[in-house]
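Values below: every heavy atom of this structure, side chains too, minus hydrogens, waters and symmetry copies. Both counts, for ligands and for their atoms, begin at 1 and track the order of listing.
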Amino acid sequence: MENGEYSKELDMAVRVVHLACALCRRVQEGLLLVGNDLVKAKDDDSPVTIADWSVQAIVSWILSEYFGSQNVSIVAEEDVQTLSKPDSSSLLSAVVKTVNECLAEAPKYGLQSPARALKTSEILEAISRCNSTGGPTGRHWVLDPVDGTLGFVRGDQYAVALALIENGKVEVGVLGCPNYPLKKESFHYQYKAASPKLAQPCSDSLEKGCVIYAKRNCSGAWMQPLVHGSKKLEWPNSASLIQVSSIDDPALATFCEPVEKQNSNHSFTAGLAHSVGLRQQPLRVYSMVKYAAIARGDAEIFMKFARTGYREKIWDHAAGVIIVEAAGGVVTDAGGRPLDFSRGVYLEGLDRGIIVCSGPILHEKIIGAVYASWDSSSL
Ligand SMILES: Nc1ncnc2c1ncn2[C@@H]1O[C@H](COP(=O)(O)OS(=O)(=O)O)[C@@H](OP(=O)(O)O)[C@H]1O
Ligand SMILES: [Mg+2]
Ligand SMILES: [Mg+2]
Ligand SMILES: [Mg+2]
C-alpha cells in the first residue's frame, strides 16, 4: 500500500473491512442455515441483523483503539435502540458473542485483539459512539456496516463500506464485497433482471469476495481478494489495479440499479435507458456492490432515483464515489453536480437521483436524457 497522506488510515480501513467481511460471511452462513429469527425490523421497517451491529462495534472499537477514542468521529447507520429493548436479550448476546469471536481473529489481519473479551456494556458503547453527524469541518469516518441488508438476509449481495471524510471531502474509501464473483460473466449471469430465475446466490464453487479501496490524489483504485476464502489465501494480501470499462457506446453498455422498486424508480430508469439507446437488460443488484461493478469494469452505468422526499445518506455512497472516481469513472446527481458530503448525515441538495458512469460520454448522454424526460416522468 502506498505511503503519503492518509496511508495509515487507508491501511487500517482495509484491514478492518477484511475482518468485517469475515464476520459477515460467518453470520450470513448461519442465517441461511437457521432461518431469519435474528433479523429484526427497525422503526422504518428496514431489516437489521446481528451482522450490522457487530460490524459497527468492531470497526468502532478498532478505530478508537488505534487512533484514540477522543480523536475518532464516526458517522454510521446503526444505533442501539432495538438492541436495548427488554425482549432483545438473545439478540444482544448473539452480538456480544459475534463481536468477541471476530475480534479474537484480528491478529490474522495484523490488528490487535482486546486483552480480554469485551463486556456487553463496552460493545453497546462502541456501537453508540458512532453517532457523529459529520459536517463541513474536521475528520469523520463514515460507515455502513452492512449495506444491502436485504441482500444479506436473502443470501445475496451486500457490502461493508467505510470512508474517511475530511473537511467535507471523501479522502479514503473501502468497500468489502464478500459475495462479489471474481468473474465478470458470473456477475452478469446472476443479476440480469430479465431472467430472475437465474438470479441464484453465488454457488460456493464460484470464487467470490473482494475488498476494493482508493484514496484521493493517489494512483487508481485497488482490489484484493478476500483471504480465507476458497483459495485459502493468507494475509498480507496482494492487490491489483482496477479500472472502469472503456465502452462508451450505449448499445453495448450495461446499467445496474437497486433490486427493490421502492428504492429506485425502475420505470423511470427504463425510460432513460431506452432514450439513450441502452439495449441490455438492467442488472438489479443489492448494495454498493453496484459501485464496485462500475469501478471494476463489469458494468458501465448505475442509476438510482429514490422517491421524492427520501434523503440519501452519506454512508450509502461515500466509499463508492471515491472508488469509482479513482478507477476513472464519473459520479454526480441527476443535474450533473458532484455529491456533497459536507452537509451532515444526508446528501443535502441532491438533485433528483444519482448517476454513476464509467466515463464522460455515457454520463453526458444520461444527464441529457434526464433533462429531456423529467417533465413527463411520474416521480
Ligand atoms: N425508500 C428508500 N429509497 C431509497 N433508498 C432507500 C430507501 N430505504 C432505504 N434505502 C437505502 O438503500 C440502501 C439499499 O440500497 P440498495 O441499492 O441495496 O437497494 S435494493 O435493496 O437493491 O433495492 C439501504 O442501505 P442499507 O440499510 O444499508 O441496506 C438504505 O440506506
Ligand atoms: Mg446502506
Ligand atoms: Mg446498512
Ligand atoms: Mg439499513
Side-chain angles (χ1 to χ4, degrees), residues 17 20 24 27-28 31 39-56 59 75-83 127 130 142-163 173-180 187 190-193 196 199 201 255-269 282-294 299 301-321 324 331 333-334 339 341 345-347 350 352-356 379:
V17 169
C24 289
V27 175
Q28 193 184 44
L31 277 184
V39 179
K40 296 286 154 193
K42 294 199 275 192
D43 289 345
D44 65 356
D45 253 2
S46 64
V48 59
T49 71
I50 55 172
D52 302 64
W53 288 300
S54 303
V55 168
Q56 189 160 314
V59 174
V75 186
E77 181 180 356
E78 306 306 338
D79 58 37
V80 295
Q81 216 179 313
T82 307
L83 263 190
I127 298 171
C130 305
V142 179
L143 170 68
D144 194 339
V146 176
D147 179 54
T149 304
L150 203 55
F152 179 80
V153 300
R154 290 178 177 170
D156 209 305
Q157 294 298 330
Y158 63 97
V160 175
L162 181 60
V174 183
L175 265 185
C177 308
N179 279 341
Y180 197 117
F187 186 71
Q190 286 178 24
Y191 296 105
K192 279 244 159 82
F255 91 86
C256 19
E257 64 181 348
V259 176
E260 300 293 308
K261 54 181 186 297
Q262 293 90 325
N263 290 353
S264 184
N265 188 328
H266 289 172
S267 50
F268 182 67
T269 54
L283 301 185
R284 299 219 170 110
V285 186
Y286 297 102
S287 84
M288 264 188 270
V289 158
K290 294 184 279 294
Y291 281 100
I294 306 294
I301 299 163
F302 158 33
M303 301 186 261
K304 179 178 180 188
F305 287 86
R307 62 174 159 67
T308 310
Y310 179 78
R311 296 157 86 199
E312 293 284 351
K313 287 119 179 170
I314 56 173
W315 55 69
D316 282 323
H317 303 282
V321 170
V324 164
V331 186
D333 65 17
L339 309 191
F341 291 94
V345 167
Y346 299 100
L347 289 176
L350 185 85
R352 294 165 288 184
I354 290 170
I355 311 287
V356 183
L379 277 179

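Taking the six-membered ring for Trp and thresholds of 30 and 60 degrees, Tyr180 and Phe187 have nearly parallel ring planes, at less than 30 degrees apart.
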If you apply the rule side chain to side chain contact (heavy atoms under 4.5 Å, CB included), what do you find for Lys290 with Lys304, and how did you get there?
CA-CA 10 Å; Lys290 294 184 279 294; Lys304 179 178 180 188; over 6 Å; no
Does Ser264 form a side chain to side chain donor-acceptor pair (under 3.5 Å) with Glu257? I'd like the steps, not just the answer. CA-CA 7 Å; Ser264 184; Glu257 64 181 348; 4.7 Å; no
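The set of protein atoms (N, O or S) found at less than 2.8 Å from the Mg ion (ligand 4) reads Glu77 OE2, by chain and number.
Atom CZ of Arg284 sits about 7.0 Å away from atom CZ of Phe255, to the nearest 0.5 Å. Taking CZ of Arg311 as the start and CG of Leu350 as the end, the distance is 11.5 Å to the nearest 0.5 Å.
Without hydrogens or angle criteria, Ser46 side chain to Lys42 main chain gives no donor-acceptor distance under 3.5 Å.
Within 4.0 Å of ligand 1, protein heavy atoms come from Glu77, Asp144, Val146, Asp147, Gly148, Thr149, Pro258, Val259, Glu260, Gln262, Asn263, Val285, Tyr286, Ser287, Lys290, Lys304, Ala306, Arg307, Tyr310, Asp316.
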I'd like a table of donor-acceptor pairs (distance under 3.5 Å, sequence neighbours excluded) in which one partner is a side-chain atom from residues 143-153, with atom names and distances.
| residue | atom | partner | partner atom | Å |
| --- | --- | --- | --- | --- |
| Asp147 | OD2 | Met288 | N | 2.6 |
| Thr149 | OG1 | Asp52 | OD2 | 2.9 |
| Thr149 | OG1 | Val146 | O | 3.3 |

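For Tyr158 and Tyr286, the ring centers are positioned 6.0 Å apart or more.
Take the N/O/S atoms of Asp316: the one nearest the Mg ion (ligand 2) is OD1.
Evaluation of the side chain to side chain contact (heavy atoms under 4.5 Å, CB included) rule for Asp45 yields Ala41 as partners, not counting sequence neighbours.
Glu260 CD: more than 12 foreign heavy atoms inside a 6.0 Å radius.
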